[in-house]
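This report concerns only the one structure given below.
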Amino acid sequence: MPFTADKDTFHAHLAANAKTGFTVHYYGATVSSWTVNGHEQLFLSKKAILNGTKAIRIPLVFPQFGTVATSKLPQHGFARCSFWKLTQLTESGDQLAATFTLTPDQVDPALRALWDYKFELAYDVTLDGAAGTLKTALRVKNFEADRTFDFTWLLHTYLRVPTLSGLEVQGLSGFSYTDKTRQLQTFNQSGAITITEEVDRVFPSVTPITAPLQVVVGGKPIASIERTPGKGSNGFADVVVWNPWADKAKGMADFGDDEYHEMVCVEVGDVANPVKVGPGEVREAGQVIRAVAAIAKL
Ligand SMILES: O=P(O)(O)OC[C@H]1O[C@H](O)[C@H](O)[C@@H](O)[C@@H]1O
């Protein structure tokens, strides 16, 4: 597997095609780039802070989604602001797979004290060059002797899109959602989601988990996300759709004022109900992102 690495990042690409690969920052195990034959699939702000002082905006969320009144953990937890280790690397035909892990000794002690359990969190990133997919999966093991822990977690994917004009997020029609832009009121999603203002919607229990979530622009599919089951889990139950729109973008130091036109977050996780994991148990869930538009251009 051709790869390059420095103290901050790990980059791997296909032996037969240097334009198909991915880059992961050890800080947050953040996948900051995924290219399919030269076409970038993910959004990374030009103003992203990459020096390990602030979570990069394509984060892994663990052990807490958002902020919680009863918890002092920072928004989205500590996984995204901890340095992960590369622990496995494999190549097989058109597939490249890397596993990154996080254990309590890698977490800032002040943050660890706020969720103080013996755990190992693993993040598998698998690129399939022939299928045009990137599979990412989170796996947690509870190493406590007799304590169950619970958490919320989420894969906070920032998809790169050509424009928001004519963009639809499909696959959520008929499901109810909590609207974080409207005092957490509940609404019913009717038809596809379009983005003409700030959107921050949490959809609990989107079933079946096998149904793909699609991003379509001007009637053309751009990307799809499918949730995948794993050990001890049928797959992530919930879906979040987010775009900051103009005002919020202006307030974010690590995000360009106009860049909200270039991205949409379609996030899969368990955020409505915490996941409980008993001593010695493992929970795993993931997603497959399909670069539909890039495959069409090949
Ligand atoms: O700015 P961040 O802490 O990275 O969070 C970015 C966004 O993440 C999720 O999508 C939440 O639902 C949003 O409420 C939040 O604004």
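Remember, it's a predicted structure, so these values are computed and weren't measured experimentally. One-based numbering, in listed order, for ligands and for the atoms of each. Residue numbers start at 1 and run along the sequence shown.
By the 30° and 60° cut-offs, the orientation of the rings of Phe151 relative to Phe62 is tilted.
Side chains of Glu226 and Thr210: a donor-acceptor N/O pair is absent below 3.5 angstrom, by distance only.
Among residues two or more places apart in sequence or in another chain, the salt bridge (charged side-chain N to carboxylate O under 4.0 Å, His left out) test is passed with Arg139 by Asp124, Glu284. A search for side-chain hydrogen bond (donor to acceptor under 3.5 Å, both in side chains) contacts involving Glu91 returns nothing, not counting sequence neighbours.
Listed by first then second residue, pairs satisfying ring-ring contact (aromatic ring centres under 6.0 Å, His included) with a partner in residues 189-222 read Tyr177-Phe203, not counting sequence neighbours.
For ligand 1, the protein residues within 4.0 angstrom (heavy atoms only) are Arg57, Phe65, Gln75, His76, Arg80, His156, Lys180, Asp200, Val240, Trp242, Lys248, Glu267.
Rounded to the nearest 0.5 Å, atoms CZ (Phe236) and OG1 (Thr228) are 7.5 Å apart.
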